[in-house]
There are 2 protein chains.
Amino acid sequence: MQQRKGAPLRYDAQRNRDRILEVALAELTLSADAPLSVIAKKAGVGQGTFYRNFPNRESLVLEIYRHEVEQVADAAPQLLKTHPPAEALRAWMDRLAQYAMAKAGLADALRKATTHGSLMGLSHGPLMAAVTLLLTANEDAGTIRPGVTPDDFLLAIAGIWQIDPHGDWHPRAARLLDLVMDGLRAGAPGTPGGASTD
Amino acid sequence: MQQRKGAPLRYDAQRNRDRILEVALAELTLSADAPLSVIAKKAGVGQGTFYRNFPNRESLVLEIYRHEVEQVADAAPQLLKTHPPAEALRAWMDRLAQYAMAKAGLADALRKATTHGSLMGLSHGPLMAAVTLLLTANEDAGTIRPGVTPDDFLLAIAGIWQIDPHGDWHPRAARLLDLVMDGLRAGAPGTPGGASTD
DNA sequence: ACCTGAACACCGTTCAAGT
DNA sequence: ACCTGAACACCGTTCAAGT
């Protein structure tokens, strides 16, 4: 631990890190098991430098994933401004699905690099914030049942990471998301019926 | 392809295959990335023999998974005899969740070995048969909406494979499964409200 | 027909030497 | 303080030689 917590990286070091991330995104999106040595070489850095920045495959993949998913997360506030809560939630899920399909190689890399699907290892940060925002807006509007946690939600839509992006993914994703939406609605203030707790 | 389709294996060959599967189940349940060479050695066979039976890691893991999941699948008819359809479905999901937690190492191995979560690469066979049985029983009884495919169902519960088996998995699994059940119920003949298709 | 185990290839990880 | 790239370790895969 030679690097103090807040201290900025040296100029060239920062540049190296950025190049690694840039190359890694491209390579991993293309193929989930692109060798780290290839990424290092294409980024123009030595193996050692690569390792200084990312001590293992998981840390690299998580960092990229985190950065990429931020962009989807950022769409949430905007959607809530322009749509009623339930529609915003559903539209956001669609975006996430689209993202999951576009970056399927990356999602695959994440699955392989991490123990358990820690797609939710991102327990804090923008993704969680976005989900929380969407859920509370809907809960307040009475469009979903109260008490659904972001964790519940992410588990419920976990299936989207499992859909094959080749072939006809769109209807499969839509059916899954519809089903989840119905599950979320069940027991909402307006709706009768709903959650069984025997 | 020296082995004709229906031709039985030679006695020692069959024994080797069985021993590999037995050892692999134990090793992979313990650690998802147990080296194949270790499995071969513990099973008392050479590398070549291992390869003759399982040309790659995926084929080994899939075979074990298929065999293991059969036992859960087999519980479905029994549950339908002793419970009303909706309860049987829910009870079966609970068993699947328990299985997923007990064999988490294996599930992890499967995730890592396959492209996309082909937990559903088992598109035919006992698992699908069991799910179909449960879904049609419920559909006939009017306890779930019509038109839910086994594929839809497995995607909806995909989250259970993502739950960390250490720590407090039970409430998380229960909340997920409750939500899925509610989603399945929505739009059933008896129930008002339900699926939005805009 | 099936088996063994040494040999090979590949990739992640480390480290001595440089600036 | 950071970098390079050769060296090492490990594991999947193949194959010549054996029964």
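Per chain, numbering begins at 1; letters A, B, ... match sequence-line order.
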ask   = Mind pulling the stems DNA chain D is in, i.e. runs of at least three Watson-Crick or G-U pairs, everything under 3.5 Å?
value = C:4-8 with D:12-16, C:12-16 with D:4-8
key: Distance in angstrom units between Phe54(B) CZ and dG12(D) P, rounded   = 15 Å
task = Please state how far atom CZ in Arg57(B) lies from atom P in dC11(D), giving the value in whole angstrom units.
result = 10 Å
inquiry  = Just to verify, what does Glu139(A) make a salt bridge (charged side-chain N to carboxylate O under 4.0 Å, His left out) with, not counting sequence neighbours?
reply    = none
Positions of residues 41-49 of chain A (non-hydrogen atom under 4.0 Å from DNA chain D), listed by number = Gly44(A), Val45(A), Gly46(A), Gln47(A), Gly48(A), Thr49(A)
message = Can you list everything that forms a salt bridge (charged side-chain N to carboxylate O under 4.0 Å, His left out) with Asp94(A)? Sequence neighbours excluded, please.
response = Arg90(A)
Which residues share a side-chain contact (heavy atoms from CB on, under 4.5 Å) with Asp140(B), sequence neighbours left out = none
message = From NZ of Lys112(A) over to P of dG12(C), roughly how many Å is that when rounded to an integer?
response = 13 Å
query = Do Asp182(B) and Arg185(A) sit within salt-bridge range, that is, some charged N less than 4.0 Å from a carboxylate O?
reply = no
message = What is the distance, to the nearest angstrom, from the CG atom on Asn53(B) to the C1' atom on dT4(C)?
response = 14 Å
For residues 67-78 of chain A, which side-chain N or O atoms pair as donor and acceptor with protein atoms under 3.5 Å away, sequence neighbours left out?
{"unit_1": "Glu68(A)", "atom_1": "OE1", "unit_2": "Lys103(A)", "atom_2": "NZ", "d": "2.6"}

query = Starting at CZ of Phe50(A) and ending at P of dC11(C), how long is that distance when rounded to a whole Å?
reply = 14 Å
Contacts of Asn138(B) that satisfy side chain to side chain donor-acceptor pair (under 3.5 Å) - sequence neighbours left out = Thr143(B)
note = Atom CZ of Arg19(A) and atom C1' of dC2(D) are separated, to the nearest Å, by 16 Å
For residues 31-47 of chain A, dump all side-chain donor-acceptor pairs below 3.5 Å to protein atoms at least two apart in sequence or in another chain.
{"unit_1": "Ser31(A)", "atom_1": "OG", "unit_2": "Asp33(A)", "atom_2": "OD1", "d": "3.3"}
{"unit_1": "Lys42(A)", "atom_1": "NZ", "unit_2": "Glu27(A)", "atom_2": "OE2", "d": "3.1"}

ask   = Considering residues at least two apart in sequence or located in another chain, which fulfil the salt bridge (charged side-chain N to carboxylate O under 4.0 Å, His left out) criterion with Asp12(A)?
value = Arg10(A)
request  = For Arg175(B), enumerate each residue passing the salt bridge (charged side-chain N to carboxylate O under 4.0 Å, His left out) test, keeping only those at least two apart in sequence or located in another chain.
outcome  = Asp152(A)
ask   = Rounded to the Å, how far apart are Arg15(A) CZ and dA1(D) C1'?
value = 17 Å
request  = Give me the residues of residues 27-38 of chain A where at least one heavy atom lies under 4.0 Å from an atom of DNA chain C, by number, or none.
outcome  = Pro35(A), Leu36(A), Ser37(A)
ask   = Excluding sequence neighbours, so at least two apart, what forms side chain to side chain donor-acceptor pair (under 3.5 Å) with Asp18(B)?
value = Gln14(B)
query = Given atom CD1 of Ile20(A) and atom C1' of dT4(D), what is their separation to the nearest angstrom?
reply = 13 Å
task = May I ask you to evaluate whether Asn16(B) reaches the phosphate of dC3(C), defined as a side-chain N or O under 4.0 Å from OP1 or OP2?
result = yes
inquiry  = Check Arg172(A) with Asp168(A), please: is the shortest side-chain N to carboxylate O separation under 4.0 Å?
reply    = no
